[in-house]
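Let me begin by presenting the structure, written as structure tokens, before commenting on it.
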Amino acid sequence: MQQLFTDRLWKKVEPIWKSYLEHPFVKGLGEGWLDKEKFKHWMKQDYVYLIEYSRLFALGSAKAHDLSTMTTFANLLHGTLHMEMDLHRNYASKFGITADELEETEAAATTTAYTSYMLNVAQQGGIENTVAAVLACAWSYNYIGKALAAWPNALEHEFYGNWVQMYSSEDFTALANDCIDLINTIAEDKPEHELAILEDIVVKTSYFEYMFWDMAEHQAMWPVPVAAQNL
Ligand SMILES: Cc1ncc(CN)c(N)n1
């Protein structure tokens with residue numbers, strides 16, 4: 001039987017993704033002791049990240065060669081704008097932040113770099129670049145959600161339980177699986193040099209995912225130059 005492209009990708013990204021589960025932000029989320037201010041920073045940054053990420057699904061829909069692929073991208077867009085971003089809007093209301101305020105969040109350096117990279121590669125190539133750019137996002141969050149769901153009390157946690165429930169849910173798993181199926185179908189007739197380019201996009205976005213957890217952990221925005229600090 002022919003190896004799936006995602007089996008090959010998994011071998012490359014597994015060490016990076018395993019490190020997410022060791023990251024203090026993700027550990028704190030799963031074990032329930034994460035500082036709420038750090039979570040608030042993640043939620044606000046992730047909201048503006050998801051707005052740009054949604055554009056990739058719209059781009060994928062526009063680039064699709066057939067109605068079935070166009071529909072899959074439209075479903076992914078709908079799922080992100082509604083199901084996933086509802087999670088953020090619900091958490092925001094617990095912090096007394098409105099959806100409009102959330103949307104006004106200034107993107108941090110890592111958020112800007114990550115979304116700019118994704119949009120750049122998606123715009124350069126055909127539909128295969130768009131799928132490669134979103135794959136680590138959808139698949140790794142589902143991987144983390146399912147891993148945390150198996151940790152004691154994570155699903156039942158009074159505050160972070162909703163996060164674990166949503167990212168491990170059947171509905172979110174279906175969205176992640178749609179991305180996995182899309183890349184496997186697209187990779188079937190691609191030559192090795194093109195597969196290597198897609199693999200590189202998935203590895204780079206996997207590193208960006210780690211940087212995003214780190215940005216949230218340190219509540220980072222933009223670096224302050226030494227000269228400005230001394231003013
Ligand atoms: C940074 C990031 N990456 C991925 C996902 C999952 N859509 C997310 N919400 N945020």
Side-chain angles (χ1 to χ4, degrees), residues 9 13 16-17 19-21 23 25-26 29-30 34 38-60 72-92 99 102-103 105-119 121-122 130-149 160 162-180 182-183 201-221:
L9 291 176
V13 299
I16 310 172
W17 291 20
S19 75
Y20 304 154
L21 303 177
H23 192 281
F25 187 96
V26 177
L29 186 60
L34 177 67
K38 292 182 180 179
F39 183 78
K40 185 161 107 183
H41 191 73
W42 170 84
M43 176 201 71
K44 291 171 74 182
Q45 287 303 314
D46 207 54
Y47 199 74
V48 287
Y49 166 90
L50 286 175
I51 294 171
E52 301 308 311
Y53 174 73
S54 295
R55 280 188 220 288
L56 279 123
F57 293 131
L59 252 174
T72 304
F73 274 112
N75 286 341
L76 287 161
L77 176 61
H78 189 270
T80 307
L81 291 176
H82 296 280
M83 179 179 62
E84 189 171 3
M85 291 170 81
D86 268 353
L87 177 85
H88 297 59
R89 287 185 281 266
N90 287 338
Y91 272 117
L102 207 50
E103 198 177 331
T105 303
E106 186 200 351
T110 303
T111 313
T112 307
Y114 188 4
T115 56
S116 304
Y117 173 75
M118 288 197 299
L119 285 163
V121 294
T130 311
V131 181
V134 295
L135 183 70
C137 322
W139 186 10
S140 80
Y141 264 55
N142 189 227
Y143 164 82
I144 294 169
K146 284 177 177 164
L148 300 194
Y160 297 121
N162 288 345
W163 193 101
V164 181
Q165 286 160 27
M166 206 288 288
Y167 284 111
S168 63
S169 68
E170 277 182 22
D171 286 344
F172 191 79
T173 303
L175 296 182
N177 286 342
D178 277 348
C179 294
I180 291 170
L182 275 174
I183 197 114
I201 295 171
V202 177
V203 169
K204 294 241 165 68
T205 47
S206 295
Y207 283 127
F208 269 122
E209 285 293 333
Y210 187 90
M211 290 161 67
F212 204 91
W213 295 122
D214 235 27
M215 175 271 295
E217 171 66 17
H218 297 107
Q219 296 173 254
M221 284 301 292

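Counting starts at 1 for both ligands and their atoms, in listed order. Values in this document were obtained by computation on a predicted structure and should not be read as measured data.
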Next on the checklist: Go through it in stages, so that I can follow the logic: the residues are Trp163 and Met43, the test is side-chain contact (heavy atoms from CB on, under 4.5 Å), and I'd like the CA-CA distance, side-chain angles, deciding distance and then a yes or no.
Outcome noted: CA-CA 11 Å; Trp163 193 101; Met43 176 201 71; over 6 Å; no

Item to check | Residues in contact with ligand 1, criterion: heavy atom under 4.0 Å | outcome: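 Contacting ligand 1 under 4.0 Å are Asp46, Tyr49, Leu50, Tyr53, Glu84, Cys137, Tyr141, Tyr167, Glu209, Phe212.
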
Next on the checklist: For the backbone of Glu106 and the side chain of Gln45, can you confirm whether one donor and one acceptor N or O come within less than 3.5 Å of each other?
Outcome noted: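 Yes.
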
Item to check | Shortest non-hydrogen contact from Leu56 toward Ala122 | outcome: CD2-CB, 3.3 Å

Checklist entry - Looking at residues at least two apart in the chain, or sitting in another chain, which of them share a ring pair (Phe, Tyr, Trp, His ring centres under 6.0 Å) with Tyr91? => result Phe39, Phe159

Could you list the donor-acceptor pairs under 3.5 angstrom formed between side-chain atoms of residues 74-83 and any protein atom two or more places apart in sequence or on another chain?
{"unit_1": "Thr80", "atom_1": "OG1", "unit_2": "Leu76", "atom_2": "O", "d": "2.8"}

Checklist outcome for this item: Across all chains, not counting sequence neighbours, the salt bridge (charged side-chain N to carboxylate O under 4.0 Å, His left out) partners of Asp214 are none

